Amino acid sequence: MILTALGLMSGTSLDGVDLALIETDGRQIRTLGPSGYRPYSAAERSLLREALVDAVQIERREARPGRLREAEHAVTVAHAEAIAAFLAQNRLKPEDIDIIGFHGQTVLHRPERRLTVQIGDAGALAKAVHIPVMHDFRAADVDFGGQGAPFVPVYHRALAQSLSREGPIAVVNIGGVSNITYIDGDDVLIACDTGPGNALLDDFMHRTTGQAFDQDGRVAGQGAPDEAWIASALALPFFALPPPKSLDRNDFAALKLGDVKPANGAATLTAFTAAAIARIVPLLPKPPASWIVCGGGARNHTMMRMLRERLAPASVESADALGWSADAIEAQAFGFLAVRGMKGLPLSYPATTGVPFPMTGGVIARP
Ligand SMILES: Nc1ncnc2c1ncn2[C@@H]1O[C@H](COP(=O)(O)OP(=O)(O)OP(=O)(O)O)[C@@H](O)[C@H]1O
Ligand SMILES: CC(=O)N[C@H]1[C@@H]2OC[C@@H](O2)[C@@H](O)[C@@H]1O[C@H](C)C(=O)O
């Protein structure tokens with residue numbers, strides 16, 4: 001049965017809420033509907049940044065120390081507002097949507113402690129918008145010893161079914177953190193986080209220039225990467241580990257660039273993200289022939305140039321160039337995952353998150 005799902009993603013970049021409508025039976029995509037975006041205000045963003053700091057103290061996933069309770073309320077309200085605006089813009093009624101896939105905001109990710117925390121009150125959201133809400137996608141996976149991330153690979157596989165590109169295909173998402181899905185025919189699906197995405201670069205830009213991010217990669221495009229710094233950062237043990245593996249947004253926050261000009265610092269951090277993605281190639285069964293880049297990093301021209309240089313001779317295209325939506329893809333994925341969860345289909349596999357067997361997941365909150 002085909003269901004209509006509204007997927008919602010608030011990613012590790014802390015930029016805002018992405019929304020996307022999808023019609024699917026959980027296996028194939030029938031229609032990709034409209035998408036939307038509700039940016040966080042500067043005040044919401046700084047509250048979330050504080051919440052990430054307070055979250056480090058969390059020992060049990062229900063705990064909300066420091067400003068986390070307030071941040072959770074802000075996340076829930078922002079999502080409710082985003083849904084109300086989306087429904088109005090697209091002339092939709094709550095009964096037109098079967099299920100909402102609500103990822104929430106990750107504030108702490110420590111799979112080795114069987115802990116991954118996404119804030120956002122699904123019960124309150126379901127009541128506010130009068131639509132059932134599926135949430136807590138990652139919890140069952142980490143309970144069974146999985147990495148709890150990445151979860152978009154099953155959706156990347158569904159998208160890639162109708163793609164004519166030479167395989168193996170790699171889909172890379174450059175969000176706050178970067179992750180890869182490796183697809184080789186119908187039977188091979190491997191995934192992991194590869195390293196930093198935009199978070200280190202965004203934090204550096206924020207600190208040194210006051211800008212939220214390096215628009216189109218212009219600042220990095222004027223600088224020179226410090227290859228020695230990149231080589232020493234890539235010597236961290238994480239990069240030598242084979243998939244599956246995952247990261248917390250702030251796992252590399254301790255890496256310091258020293259006193260550098262914004263252009264050189266931005267170039268170094270952009271090249272670090274590209275080099276960390278290229279570093280996964282020898283840990284895959286075969287080098288991917290075709291790379292597809294999604295997430296906000298696909299809009300960074302310097303990042304795309306550096307990826308092409310480091311992944312040659314493979315082809316590197318942005319998801320938008322294929323007619324996929326680089327921005328909406330994760331929101332679509334959580335709509336798709338909500339339908340899979342409703343049907344009891346697997347969300348994660350031994351080769352995507354390290355769970356012992358294919359696992360379904362998600363919990364439904366009703367209005
Ligand atoms: N035009 C642009 N030029 C350069 N960078 C951009 C541009 N647009 C977006 N970005 C980068 O993309 C980031 C947002 O990416 P995205 O929305 O994919 O992340 P996310 O969904 O929050 O993260 P994650 O996938 O880790 O959960 C911004 O913080 C910024 O660094
Ligand atoms: C714990 C968590 O929220 N992880 C995010 C983060 O952002 C990118 C990368 O790290 C990925 O592993 C994941 O998001 C995507 C949507 C995923 O689960 O596939």
Side-chain angles (χ1 to χ4, degrees), residues 7-20 35 37-40 45 48 52 55 101 103-111 115-120 136-139 141-142 146-156 171-181 191-206 211-221 243-252 266 269-270 273 293-304 318-320 325-334 336-337 347-348 352-353 361:
L8 306 174
M9 181 67 191
S10 176
T12 48
S13 300
L14 311 175
D15 58 327
V17 181
D18 290 306
L19 309 83
S35 58
Y37 176 60
R38 190 271 193 203
Y40 286 126
R45 243 176 246 202
L48 288 174
L52 291 185
H103 176 268
Q105 177 66 49
T106 298
V107 291
L108 185 72
H109 186 64
R110 291 277 172 258
L115 189 62
T116 183
V117 185
Q118 285 73 45
I119 58 171
D136 249 353
F137 289 91
R138 304 184 192 274
D141 186 285
V142 294
Q147 288 291 315
F151 263 56
V152 290
V154 283
Y155 182 61
H156 288 158
V171 185
V172 193
N173 164 49
I174 308 179
V177 166
S178 298
N179 56 285
I180 184 183
T181 303
C192 65
D193 287 349
T194 56
N198 300 298
L200 281 181
L201 175 63
D202 287 353
D203 292 352
F204 174 81
M205 292 298 295
H206 185 67
Q211 297 167 34
F213 61 92
D214 181 12
Q215 181 83 39
D216 303 335
R218 279 183 218 144
V219 176
K245 55 181 174 177
S246 68
L247 289 165
D248 181 88
R249 179 194 193 277
N250 287 340
D251 274 347
F252 299 112
L269 294 174
T270 306
T273 292
V293 186
C294 48
R299 299 238 192 115
N300 181 324
H301 303 311
T302 308
M303 183 90 77
M304 290 296 284
S318 93
D320 284 329
S325 167
D327 288 334
I329 201 164
E330 288 192 349
Q332 291 164 354
F334 279 91
F336 184 79
L337 288 164
L347 308 186
S348 55
T352 63
T353 65

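It should be emphasised that the depicted structure is a prediction, and the values quoted were computed from it without experimental measurement. Heavy atoms only: backbone and side chains are in, while hydrogens, waters and symmetry mates are out. Just follow the structure's listing: the first ligand is 1, and inside any ligand the first atom is 1.
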Q) Between D251 and R110, is there a salt bridge with N-O shorter than 4.0 Å? A) yes

Q. Do you know which of T194, T181, N179 makes side-chain hydrogen bond (donor to acceptor under 3.5 Å, both in side chains) with N173?
A. N179

Q | Under 3.5 Å: donor-acceptor pair, side chain of T273, backbone of G197 | A | yes

Q | Check: F151 ring centre within less than 6.0 Å of F137 ring centre | A | no

Q.
So does A331 get a backbone contact from the side chain of H103, meaning a donor-acceptor N/O pair under 3.5 Å?
A. no

For each nitrogen or oxygen atom of ligand 1, which protein N/O atoms lie closer than 3.5 Å, and how far apart are they, rounded to 0.1 Å?
residue	atom	partner	partner atom	Å
ligand 1	1 (N)	D216	OD1	3.1
ligand 1	3 (N)	D216	N	2.7
ligand 1	10 (N)	G296	O	3.4
ligand 1	12 (O)	N198	ND2	3.3
ligand 1	15 (O)	G296	N	3.3
ligand 1	18 (O)	G296	N	2.8
ligand 1	19 (O)	S13	OG	3.0
ligand 1	21 (O)	E330	OE1	3.2
ligand 1	22 (O)	T12	N	3.4
ligand 1	22 (O)	S13	N	2.9
ligand 1	22 (O)	S13	OG	3.2
ligand 1	22 (O)	D15	OD1	3.4
ligand 1	23 (O)	T12	N	3.4
ligand 1	23 (O)	G176	N	3.1
ligand 1	25 (O)	N173	ND2	3.1
ligand 1	25 (O)	E330	OE1	3.3
ligand 1	25 (O)	E330	OE2	2.7
ligand 1	26 (O)	T12	OG1	2.4
ligand 1	26 (O)	G176	N	2.7
ligand 1	26 (O)	V177	N	3.4
ligand 1	27 (O)	T12	N	3.0
ligand 1	29 (O)	D202	OD2	2.6
ligand 1	31 (O)	D202	OD1	2.6
ligand 1	31 (O)	D202	OD2	3.1

Q: Please check if the side chain of D202 supplies one atom and the backbone of H206 the other of a donor-acceptor pair under 3.5 Å.
A: no

Q: Please identify each residue that fulfils side chain to side chain donor-acceptor pair (under 3.5 Å) with D248, with sequence neighbours left out.
A: none

Q | Partner set under salt bridge (Lys or Arg N to Asp or Glu O under 4.0 Å) for R45, not counting sequence neighbours | A | none

Q: Please examine the side chains of L337 and V154, heavy atoms only from C-beta on, and report whether any two atoms are closer than 4.5 Å.
A: yes

Provide, line by line, the atom pairs where ligand 2 and the protein bring an N/O atom each to a distance under 3.5 Å; else say none.
residue	atom	partner	partner atom	Å
ligand 2	3 (O)	T106	OG1	2.6
ligand 2	3 (O)	R138	NH2	3.4
ligand 2	12 (O)	D193	OD1	2.7
ligand 2	12 (O)	D193	OD2	3.2
ligand 2	14 (O)	R138	NH2	3.3
ligand 2	18 (O)	R138	NH1	2.7
ligand 2	18 (O)	R138	NH2	2.9
ligand 2	18 (O)	F151	N	2.8
ligand 2	19 (O)	F151	N	2.8
ligand 2	19 (O)	V152	N	2.9

